[in-house]
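First comes the structure, then the notes that go with it.
It should be emphasised that the depicted structure is a prediction, and the values quoted were computed from it without experimental measurement. Values below: every heavy atom of this structure, side chains too, minus hydrogens, waters and symmetry copies. Just so it is clear: chains get the letters A, B, ... in the order the sequence lines come, proteins before strands, and each one is counted from 1.
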2 protein chains.
Amino acid sequence: MARGSTRPTSRDVAQAAGVSQAAVSLVLGDKWRGRVSETTAERVREAARELGYRPNLAARNLRLGRTRTVLLVVPALTTEFFAGVYTGAARVAAERGFGVVLYPSPEGVGPARDPFASAQAALDGVIASSMAADALTAIRGDQLPLVMLDSDPEGSLGAATVNLDITDGTHQIADHLLGLGHRHFLHLAADIPSWTFEVRARALAARLAAVPGTSLRTAHTPMSIEGALAATEAALSAADRDHPTAVVCDDDKLAAGVYKALRRRGLRIPDDVSVTGVDDIALAAALDPELTTVRLDAELFGERGMQALLDVLDGRTPDAGDIPVELVVRASTAPPSTP
Amino acid sequence: MARGSTRPTSRDVAQAAGVSQAAVSLVLGDKWRGRVSETTAERVREAARELGYRPNLAARNLRLGRTRTVLLVVPALTTEFFAGVYTGAARVAAERGFGVVLYPSPEGVGPARDPFASAQAALDGVIASSMAADALTAIRGDQLPLVMLDSDPEGSLGAATVNLDITDGTHQIADHLLGLGHRHFLHLAADIPSWTFEVRARALAARLAAVPGTSLRTAHTPMSIEGALAATEAALSAADRDHPTAVVCDDDKLAAGVYKALRRRGLRIPDDVSVTGVDDIALAAALDPELTTVRLDAELFGERGMQALLDVLDGRTPDAGDIPVELVVRASTAPPSTP
DNA sequence: GCGCTCAAGTGTTACGTATAACGTCGCTCG
DNA sequence: CGAGCGACGTTATACGTAACACTTGAGCGC
């Protein structure tokens, strides 16, 4: 639905505080050293907080003729390298009061579009991954139309959601491994507090609980190869008996760390231990042996998210329905050895 | 240096075309069906082209109260998965005349900053990787202050450059392999037309040419694991004699494809063939065996780039000086076997 | 008591654009 | 012959903000 009441302006704040618009600008711009009394300044700040006032960036930029924003053009989003470049640039920029907007020239999708098209900013709406939960508070501050990716359809009040059918994916993984004869599992779980990972943990536990004689151990890890390596080593050391014969990872990248940990202990994949991932990124097929994983159609996910947001902006209710996922069986899973 | 003459406005265009500002707005906004004659419309377009007119986004957004821009919040830039999400979202958005601005919550750098700080847009300046060359034409259209990352200091007229000392890095790789006794090399080169890759090719060739009895073959490949796999297989099939004992990759990710190709042919690393990369991303240490590579400090690169741009914006001349790189010797390089 | 300064604000304007409302021709048609 | 109408524009205005120039009242020295 459309924005209910229009956004408050500095004039609304002024009226609420009983001062002129100019005074509001001075106070909120921190330029009131000896021009406004402390008491009125506080009154203005209070009114602004009350109304949920946010300055209109377009108007400010127009007035000032300057933006304090910089464009970073990178060849693709895929590389850790340019992620680092962005991080460094964003840090320095933030220190000097600048913002950074990213223009990733889209991969393989024809020639690069006009970079400035992606730099219009000031927002009509928001698409947010539930993994970026820490940023969500700031987003909910505004009343912007919001679409959540992979989030609790009930919990995210009012916001539309677009979800991958990760429950089905987890079930497929579990059934595949159970069918091979595995009974003792290690779940290498991402330590990100996000709905999607909670769902996977519940779905895996539920599916295994339905089969007698199964055991499930869970190890939490940061979302990095090194973290997965350390977490797996710790979990394997702790597992005195009921040694897991299958490691279920929340992400392909984690599997790379698991591979390393298993190699260090002299365990072979899949002969001694089976490993699975989620995502099916290029890395999955590059690992040795190639990784069995659940393929998520990331581009379709993005398209559906955007469709949903545009629907919301047009006053339509976006069509629900989870996006199906697909189990890709490769060489990292096999029946457990029977010693 | 500061912007010489201020940017032309629609009023300037109007004056140049001998019409009113409103007419310019009508013509350029494609809303002149029966309101302006074809001849005057063409005159307006010509004047706009002549002056290099670009509409002021801040003013337009202010006027329209709408942005046709959407924010995409993702947990990090590192993942191929969210790169796909962005690609899909950007495609759909473009079809409907919308732009997408990216807010990657910075990895591990404290809690997420205000997403809207990074969304101010309309630009004061540009930082561009030389790998995103296709986007550069559009950028040069404006007279925006520009900093190039890893670009020819002479060729990019006027623009400031910040470079990694990739020549030194290439020399270190070459010296390391030569020192181990290698003489027959395969250079797996990225097929991106960028200064940085040209420099590497020249530096490698020059260093090897200084040693008698060396051979150098070059294979070009797209910047992907699959591409590197195919290119390596093709190159190995073609290499009847003077079989390369060392493969020098332009990027760590390419090495993953090389590993796969070598395994397929039953060649062992480093016993039969040594492999090197560039970047030192997490993947490098996750490969088996761990990859010898040149470590580039991506964050420092980003920081220096931003420093340079802020210097330019302040009217200072940014300090030159290449950023040093470091050879990281791991397990993928060893003396060649002597049959 | 008069002029001066200083604190504490207010009135007004401009940034560049899009569009609603308003001319002004020349020509046609009744 | 005059009303009307389409073609071709123009004038005027508002979007929300920051900042310059100005006002007002009080305090204060002499």
* Asked: Is it true that A/Glu46 and A/Arg43 have a side-chain N and a carboxylate O under 4.0 angstrom from each other?
  ->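 Not counted as a salt bridge, because no side-chain N and carboxylate O are separated by less than 4.0 Å.
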* B/Arg45/B/Glu50 salt bridge by N-O under 4.0 Å criterion -> no
* Asked: Who are the side chain to side chain donor-acceptor pair (under 3.5 Å) partners of B/Gln15, not counting sequence neighbours?
  ->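 Here no residue qualifies.
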* For the residue pair A/Ile323 and A/Asn163, establish whether any side-chain heavy-atom pair is separated by less than 4.5 Å. => no
* Asked: Does the side chain of B/Phe301 come within less than 4.5 Å of B/Val162's, by heavy atoms?
  ->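 They are in contact (side-chain heavy atoms under 4.5 Å apart), so the answer is yes.
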* Asked: Using a cut-off of 4.0 Å on non-hydrogen atoms, how would the nucleic acid contact of A/Thr9 be classed: base, sugar-phosphate, or nothing?
  -> sugar-phosphate
Find every protein N or O atom lying less than 3.5 Å from an N or O atom of nucleotides 6-11 of chain C, and list the pairs.
| from | atom 1 | to | atom 2 | distance (Å) |
| --- | --- | --- | --- | --- |
| C/dG9 | OP2 | A/Ser37 | N | 2.9 |
| C/dG9 | OP2 | A/Ser37 | OG | 2.7 |
| C/dG9 | OP2 | A/Thr40 | OG1 | 2.6 |
| C/dT10 | OP2 | A/Ser20 | N | 2.9 |
| C/dT10 | OP2 | A/Ser20 | OG | 2.8 |

Distance check needed: [N] [atom2] versus [X] [atom1], whole Å only.
X       : N      : atom1 : atom2 : result
A/Leu28 : D/dT17 : CG    : P     : 10 Å
B/Gln15 : C/dT17 : CD    : P     : 14 Å
B/Leu51 : C/dG16 : CG    : C1'   : 15 Å

* How about A/Thr39 and A/Ser37: does a side-chain donor come under 3.5 Å of a side-chain acceptor? -> yes
* To do: Please check the phosphate of C/dT17 (OP1 and OP2 only) for any side-chain N or O of B/Ser10 closer than 4.0 Å.
  =>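 For B/Ser10, the contact criterion (side-chain N or O under 4.0 Å from OP1 or OP2 of C/dT17) is met.
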